[in-house]
Amino acid sequence: MLIKKAHDIKSSEITDKEVYLNRRLFIRGAALAATVAATGLVYRRLNPPPTEIPKGETLAGVKPNASDANSSFAVNEKLTSLEDITNYNNFYEFSTNKQEVASEAKGFVTRPWSVSVEGLVNKSKVFDLDELLKFQQEERVYRLRCVEGWSMVIPWIGFPLSKLLDKVEPTLQAKFVAFQTLLDPRRMPNQITGVLDWPYVEGLRLDEAMHPLTILATGLYGQTLPPQDGAPIRLVVPWKYGFKSIKSVVKISLVAEQPPTTWNIQVPNEYGFYSNVNPHVDHPRWSQATENRIGEFRRRNTLMFNGYADQVAHLYDGMDLRVNY
Ligand SMILES: Nc1nc2c(c(=O)[nH]1)N[C@H]1C(S)=C(S)[C@@H](COP(=O)(O)O)O[C@H]1N2
Ligand SMILES: [Mo]
């Protein structure tokens with residue numbers, strides 16, 4: 001038997017033909033990918049991806065600039081563009097990619113729609129959307145700051161949640177308010193995945209829920225709420241991180257105990273029940289001291305309670321906000 005010595009064997013003989021060809025293909029593929037990435041980068045810089053600005057229905061009878069009329073919560077900062085507000089969204093029911101929510105949520109059917117207000121109340125009631133739209137609608141410019149470090153200034157249209165809660169008469173046992181988003185994977189396609197426990201749920205203490213800054217929003221920029229921003233009705237709690245402002249709400253329950261909340265269930269050491277905007281309490285993986293206002297280049301310093309300290313700090317008197325993050 002002829003045995004070749006190692007030094008006699010050429011590398012081309014050892015290299016299996018298939019492996020060799022595959023490697024060539026791989027190298028070619030990688031080169032191509034790099035070119036595409038570089039081209040894509042240049043392309044995007046010159047031609048930002050086409051974004052669609054939704055045309056909602058005009059909301060009638062809106063009291064304009066309620067935030068200006070009441071200087072205690074006026075925000076005299078440049079509004080974020082409608083284009084950014086409607087093309088950079090967190091709405092995991094449609095996509096975990098902020099730039100893809102708009103296209104995935106396009107055509108989301110929001111009629112018929114009702115919100116059940118129930119639990120520890122004297123007069124539980126299912127409100128049809130049209131009934132909710134009859135509540136005095138006001139325009140309010142609020143900051144919204146995401147826990148991820150970006151923020152926007154949004155001209156919301158809505159009404160104080162307290163107006164709705166007053167109608168159902170919470171009992172003395174009611175101490176918290178629990179909110180729930182629609183559960184319907186046929187209409188919210190990303191609900192077939194397990195990225196979060198569905199339905200998305202949130203909660204507030206009753207006094208937070210009754211605070212005049214807490215609104216149910218039904219529109220923005222003068223029109224009905226675009227699907228990607230939580231159509232047809234979503235909560236807005238301007239002094240808390242954005243994830244507390246639950247979208248596409250179908251159920252509001254008055255309860256005695258602190259209710260579970262989606263992000264707290266998901267990652268309890270990163271997201272607490274209170275989630276007040278607080279530059280002094282870092283997220284375990286990043287600082288909360290500054291934020292990027294979408295559309296600006298410099299970073300802004302984040303304000304305590306997102307700038308609403310004068311209105312809401314008293315709600316937390318005597319509480320350790322490092323423990324209750
Ligand atoms: N149902 C539901 N509500 C939600 C979310 C979500 O994924 N699902 N994301 C939250 C988060 S993390 C943020 S920052 C805000 C974003 O609101 P916007 O897209 O209107 O700016 O919505 C909040 N409400
Ligand atoms: Mo967020």
Side-chain angles (χ1 to χ4, degrees), residues 51 54 56 79-105 108 110 113 115 141-158 178-185 187-191 193-204 214-221 223-252 260-267 270-272 275-277 283 285-286 288 291-295 302 306:
T51 49
L79 299 181
T80 303
S81 72
L82 179 58
E83 187 180 344
D84 282 336
I85 294 172
T86 55
N87 286 282
Y88 194 79
N89 302 98
N90 265 336
F91 202 170
Y92 276 33
E93 284 84 341
F94 291 101
S95 174
T96 53
N97 178 333
K98 281 181 262 299
Q99 271 111 340
E100 276 171 12
V101 172
S103 56
E104 293 297 320
F108 177 52
T110 56
W113 192 279
V115 179
V141 178
Y142 282 172
R143 298 179 200 92
L144 180 128
R145 189 204 189 276
C146 179
V147 72
E148 297 164 74
W150 50 270
S151 65
M152 297 189 186
V153 177
I154 302 178
W156 298 108
I157 292 167
F179 303 85
Q180 207 178 96
T181 293
L182 175 71
L183 176 64
D184 185 352
R187 286 150 78 195
M188 299 184 135
N190 211 37
Q191 283 181 335
T193 74
V195 286
L196 291 177
D197 276 344
W198 311 110
Y200 193 103
V201 291
E202 258 305 335
L204 294 173
T214 303
I215 57 171
L216 284 172
T218 55
L220 54 83
Y221 266 112
Q223 302 195 323
T224 50
L225 215 50
Q228 57 267 44
D229 291 282
I233 186 161
R234 59 97 55 94
L235 185 71
V236 181
V237 193
W239 71 93
K240 295 185 181 263
Y241 290 117
F243 64 88
K244 298 294 282 185
S245 293
I246 181 174
K247 297 176 169 180
S248 306
V249 172
V250 293
K251 192 160 102 179
I252 299 176
T261 63
T262 288
W263 282 101
N264 183 246
I265 296 169
Q266 203 72 16
V267 202
E270 296 187 8
Y271 308 106
S275 303
N276 290 317
V277 174
H283 181 280
R285 290 183 283 136
W286 58 79
Q288 293 292 11
E291 67 198 57
N292 171 236
R293 180 67 50 82
I294 299 295
T302 287
N306 208 19

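Values in this document were obtained by computation on a predicted structure and should not be read as measured data. Both ligands and their constituent atoms are indexed starting at 1 by order of listing. Just so it is clear, the values below take in all heavy atoms, side chains as well, and ignore hydrogens, waters and symmetry mates.
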Atoms of ligand 1, numbered as shown, that sit under 4.0 Å from any heavy atom of Thr181: 1 (N)
Enumerated ligand 1 atoms positioned under 4.0 Å from heavy atoms of Asp229: 18 (P), 20 (O)
Closest protein heavy atom (residue, atom, distance) for atom 6 (C) of ligand 1: Tyr200 CE1, 3.3 Å
ring-ring contact (aromatic ring centres under 6.0 Å, His included) partners for Tyr88, two or more places apart: Trp150
Contact check, side chains of Val250 and Leu183, non-hydrogen atoms, under 4.5 Å: no
Contacts of Trp198 that satisfy ring-ring contact (aromatic ring centres under 6.0 Å, His included) - sequence neighbours left out: none
Which of the ligand 1 atoms, numbered from 1, are nearer than 4.0 Å to a heavy atom of Ser245: 22 (O), 23 (C), 24 (N)
Contact (N/O only, under 3.5 Å) between Trp263 and ligand 1: no
Heavy-atom side-chain contact between Asn90 and Glu148 under 4.5 Å: yes
Heavy-atom check, side chain of Leu79 versus side chain of Tyr221, under 4.5 Å: yes
Aromatic plane relationship, Phe91 with Phe94 - under 30° parallel, 30 to 60° tilted, over 60° perpendicular: perpendicular
Heavy-atom nearest neighbour in the protein, as seen from atom 8 (N) of ligand 1, with distance rounded to 0.1 Å: Glu93 OE1, 2.8 Å
Arg234 to ligand 1, any heavy atom closer than 4.0 Å: yes
Residue, atom name and distance, where the atom is the protein heavy atom closest to atom 21 (O) of ligand 1: Leu144 CD2, 3.8 Å
Shortest protein contact, atom 7 (O) of ligand 1 (heavy atom only): Tyr92 N, 2.8 Å
Heavy-atom check, side chain of Pro155 versus side chain of Ile85, under 4.5 Å: yes
Contact check, side chains of Phe243 and Tyr92, non-hydrogen atoms, under 4.5 Å: no
Enumerated ligand 1 atoms positioned under 4.0 Å from heavy atoms of Cys146: 14 (S)
Under-4.0 Å heavy-atom contact with ligand 1, by part of Met152 that carries it: neither
Among Gly242, Ala105, Ser95, closest by any non-hydrogen atom to atom 13 (C) of ligand 1: Gly242
Lys244 side, atom NZ; Thr214 side, atom OG1 - distance, nearest 0.5 Å: 11.0 Å
Residues Glu202, Lys240: salt bridge by 4.0 Å N-O rule: no
Ligand-side contact atoms (ligand 1) for residue partner Ile246, heavy atom cut-off under 4.0 Å: 3 (N), 24 (N)
Nearest neighbour in protein (non-hydrogen) for atom 3 (N) of ligand 1: Lys247 N, 3.1 Å
Atom 9 (N) of ligand 1 [closest protein heavy-atom partner, distance rounded to 0.1 Å]: Asn90 O, 3.3 Å
